[in-house]
Amino acid sequence: MKIETIRNFSIIAHIDHGKSTLADRLLEYTGALSEREKQDQFLDKMDLERERGITIKAQTVRLNYQADDGKDYVLNLIDTPGHVDFTYEVSRSLAACEGGLLVVDASQGVEAQTLANVYLAIDNNLEVFPVLNKIDLPAAEPERVKHEIEEIIGLDAHDAVLASAKEGIGTREILEEIVKKIPPPEGDPTAPLKALLFDSWYDQYQGVIILVRLIDGTLKKGDKIQLVSTARSYEALKVGVFAPVMREVPQLSAGEVGFVIAGIKDVADAKIGDTVTHALKPCTTPLGGFKEVKPMVFSGLYPIDTSQYEQLRDALAKLKLNDSSFSYEPETSLALGFGFRCGFLGLLHMEIIQERLEREFNLDLITTAPTVVYKVHRLKGDVISIESANQLPPTQEIDYIEEPFILASIHTPNEFVGGILALCEEKRGVQREIKYLTPTRVMIIYELPLNEVVLDFYDRLKSITKGYASLDYEHLDYRRSELVRMNIMINGEVVDALSLIIHRDKAYYRGRDLVSKMKELIPRQMFEVAIQAAIGTKVIARETVKALRKDVLAKCYGGDITRKRKLLEKQKEGKKRMKNVGNVELPQEAFLAILKVE
Ligand code: GTP
């Protein structure tokens with residue numbers, strides 16, 4: 001294949017602006033999708049992704065396209081995940097391309113996420129051109145949005161393609177733009193092999209599959225390849241492309257994108273960003289910028305039914321096969337028994353994993369409130385990293401504690417600025433900048449402690465702005481803070497799963513709020529239940545759940561048996577999510593009440 005006829009590109013878009021729908025159109029138009037494969041949104045593979053409408057795992061397809069100039073082109077569409085939690089994956093996928101389509105919803109405009117990803121693309125020297133999608137909507141304002149793209153991003157948008165991925169408008173124009181505007185890759189097919197590993201996953205039947213973009217050299221079935229970061233060698237058992245289903249090819253050469261199956265046992269060995277080369281004739285300068293991704297948010301996962309512990313462990317091991325950014329280790333809680341402490345890239349990543357465990361593996365779980373990684377400087381001079389209140393050393397051993405800060409960019413219509421500023425201040429934020437991008441759109445930049453953001457920041461932001469604001473963040477640094485451990489006690493017993501690390505100034509207020517919330521959530525029992533919040537030995541708040549006196553069924557006057565049965569069933573349903581702490585039954589909501597404190 002001639003390198004001049006290859007185009008490697010990504011679609012950059014804010015969530016819901018139509019990336020997957022447009023990708024489907026391109027597949028369909030170029031004939032890559034047969035009728036049978038024409039499920040809605042081929043690129044979002046997993047059911048869960050389809051249901052939630054978000055792309056998790058990057059996926060790449062090859063399209064064959066005959067352009068107006070009469071030449072046959074090979075277009076490699078590299079799909080990127082579109083959420084803040086997966087920024088590193090996005091940046092590696094972008095590094096595999098020469099160009100990007102910036103898809104902007106013509107009825108919405110530029111959002112924080114769009115900006116973050118466009119800047120990533122520009123940093124990777126991609127040729128970016130805008131496409132205005134959803135022009136079929138009556139609310140579409142292409143002229144305003146073009147203006148926004150020019151003002152905010154600085155891209156020329158006067159001849160932006162007007163498209164409707166839904167109705168198939170503008171598809172051919174987009175393909176022509178890809179061919180004309182995006183430069184072909186450069187590279188030397190005769191040089192030693194140098195390829196970027198930009199995605200990897202575990203396939204039940206084939207083992208680890210890696211996606212590579214060849215920078216230089218060629219790669220054939222049977223070649224002995226090496227991964228630079230681990231210096232491990234493997235034999236390339238299969239080499240091919242997704243078109244859109246897996247198809248083996250005789251070889252891949254400089255500029256091309258494809259998959260390799262090489263008997264790699266563990267996805268953790270196929271790290272995104274790594275360089276693939278030939279074991280016998282390695283390239284002299286591997287690609288730079290390789291980075292380990294580390295979990296930033298942690299939460300405890302416990303089976304409600306203790307007999308599901310083994311099942312949970314197997315399920316976690318299976319998920320880990322496919323996602324090396326997720327981590328877990330056994331943990332025991334006095335209140336919840338045996339479970340696991342799991343690490344995630346961010347909140348969305350956490351939600352996805354929890355949901356998959358419950359849905360795909362049929363597990364009923366109790367999840368504890370998410371926490372971040374704190375650095376505890378001890379008086380004896382060392383520093384330890386902890387991810388839960390229970391790992392905190394005794395107060396007398398602690399010199400000081402540091403917590404992670406993020407730099408958050410919030411993009412919002414101007415009428416919500418006041419509410420957002422109040423929220424950021426409440427969350428201990430430090431204001432950096434308020435920028436009017438246009439007379440009606442504002443970008444607010446704040447330094448915020450991640451610990452406050454993992455609690456309920458995102459939900460609050462969405463409710464303050466009626467869903468109109470978008471948030472993007474990057475990790476900034478660690479800062480010294482006045483942090484203390486707050487315990488929740490039920491009838492005098494500390495519920496370790498409810499302990500949290502919190503800023504001293506907020507402890508009193510939150511403690512009070514939390515116990516009153518718990519009071520509402522804990523069902524009345526046969527005896528009185530005292531709920532207390534304490535810092536060290538000092539109780540800062542207390543509530544009491546009165547003892548139950550009447551039989552619940554007494555409510556069902558008369559002999560309406562169906563109603564009675566319904567009530568009993570409802571109770572049984574509720575039971576499923578109960579966990580005994582001492583002799584008190586706590587519902588799952590109690591463990592999450594920490595999240596919902598306003
Ligand atoms: P993520 O996968 O979450 O990043 O979202 P996405 O950007 O891939 O968006 P997706 O393609 O899933 O589209 C989001 C919603 O917009 C879906 O309900 C689509 O049907 C709808 N949509 C996409 N393109 C168009 C369009 O051109 N017109 C209209 N009216 N709706 C569209």
Side-chain angles (χ1 to χ4, degrees), residues 9-29 32-33 37-61 77-91 93-94 100-118 120-121 128 130-142 145-146 149 160-175 177 199 244 345-349 351-352 355-356 411 458 462 467-472:
F9 71 102
S10 280
I11 303 178
I12 303 161
H14 184 73
I15 292 165
D16 274 352
H17 283 201
K19 188 176 73 178
S20 311
T21 314
L22 179 64
D24 276 355
R25 280 294 164 205
L26 299 179
L27 259 74
E28 201 181 274
Y29 193 91
L33 220 54
E37 290 154 353
K38 241 185 240 171
Q39 318 157 19
D40 254 346
Q41 307 199 343
F42 180 85
L43 288 176
D44 282 356
K45 270 209 225 144
M46 289 186 268
D47 271 1
L48 186 66
E49 289 189 17
R50 188 161 307 148
E51 199 164 294
R52 303 182 59 136
I54 43 168
T55 317
I56 304 162
K57 208 76 206 133
Q59 165 77 6
T60 288
V61 285
L77 163 56
I78 293 165
D79 196 22
T80 51
H83 192 273
V84 281
D85 288 356
F86 307 102
T87 301
Y88 182 66
E89 289 191 17
V90 177
S91 87
S93 309
L94 292 177
L101 261 65
L102 167 64
V103 174
V104 183
D105 183 334
S107 69
Q108 302 279 335
V110 175
E111 306 273 357
Q113 191 66 57
T114 326
L115 275 186
N117 287 348
V118 172
L120 275 178
V128 179
V131 170
L132 301 189
N133 191 31
K134 307 202 187 180
I135 53 148
D136 59 292
L137 291 178
E141 296 178 85
V145 175
K146 274 186 193 177
I149 294 172
V161 180
L162 301 183
S164 164
K166 192 169 167 201
E167 300 192 345
I169 301 168
T171 314
R172 185 159 185 102
E173 285 87 332
I174 293 171
L175 289 163
E177 296 262 301
D199 196 7
L345 294 176
L347 290 173
L348 178 79
H349 190 210
E351 242 178 77
I352 290 166
E355 222 171 297
R356 291 187 64 187
H411 220 84
Y458 197 61
K462 286 281 162 195
Y468 279 111
S470 53
L471 167 76
D472 184 53

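Keep in mind it's a predicted model, so treat the numbers as computed, not measured. Ligands are counted one by one from 1 in listed order, and the atoms in each one are counted from 1 as well.
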For this session: Compute the shortest N/O to N/O distance between Ala163 and ligand 1 and return yes if it is under 3.5 Å, no if not.
Result: no

Exercise. Could an N or O of ligand 1 be found under 3.5 Å from any N or O of Glu167, whether backbone or side chain?
Worked result: no

Seminar exercise, completed: Checking heavy atoms under 4.0 Å, the part of Ala165 that sits near ligand 1 is both

Problem set entry | Check against side-chain contact (heavy atoms from CB on, under 4.5 Å), Leu132 and Lys146 | CA-CA 8 Å; Leu132 301 189; Lys146 274 186 193 177; 3.7 Å; yes

Exercise. Looking only at heavy atoms, what is the nearest atom pair of Ile12 and Val118, with distance?
Worked result: CG2-N, 4.0 Å

For this session: For ligand 1, note which part of Leu137 has a heavy atom under 4.0 Å away: side chain, backbone, both or neither.
Result: side chain

For this session: Could you go through the side-chain contact (heavy atoms from CB on, under 4.5 Å) check for His17 and Glu111 one step at a time?
Result: CA-CA 10 Å; His17 283 201; Glu111 306 273 357; 3.7 Å; yes

Exercise. Applying a 4.0 Å heavy-atom criterion (strictly less than), which segment of Asp16 is in contact with ligand 1: side chain, backbone, both, or neither?
Worked result: both

Exercise. Quick one: which ligand 1 atoms are inside 4.0 Å of a heavy atom on Ser164?
Worked result: 26 (C), 27 (O), 28 (N)

Seminar exercise, completed: Between Lys166 and Thr21, the two heavy atoms sitting closest are N-CG2, 4.2 Å

For this session: Could you check which of Asn133, Asp24, Leu22, Asp136 puts a non-hydrogen atom nearest to atom 30 (N) of ligand 1?
Result: Asp136

Exercise. For ligand 1, which atoms sit closer than 4.0 Å to a heavy atom of Lys19?
Worked result: 6 (P), 7 (O), 8 (O), 9 (O), 11 (O)

Seminar exercise, completed: Here the gap from Ile11 atom CD1 to Lys19 atom NZ, rounded to the nearest 0.5 Å, amounts to 7.5 Å

Exercise. Is it the side chain, the backbone, both or neither of His17 that has a heavy atom closer than 4.0 Å to ligand 1?
Worked result: backbone

Problem set entry | Rounded distance [0.5 Å steps], CD1 in Ile78 versus CZ in Phe9 | 8.5 Å

Problem set entry | Main-chain N/O of Ile169 paired with Ser164 side-chain donor or acceptor, under 3.5 Å | no

Seminar exercise, completed: Numbered in order shown, the ligand 1 atoms found under 4.0 Å of a heavy atom of His14 are 7 (O)

Problem set entry | Which of the ligand 1 atoms, numbered from 1, are nearer than 4.0 Å to a heavy atom of Gly18 | 6 (P), 7 (O), 9 (O), 10 (P), 11 (O), 13 (O), 23 (C)

Problem set entry | Minimum heavy-atom distance Ile135-Ala106, with the two atoms named | CG2-CB, 4.2 Å

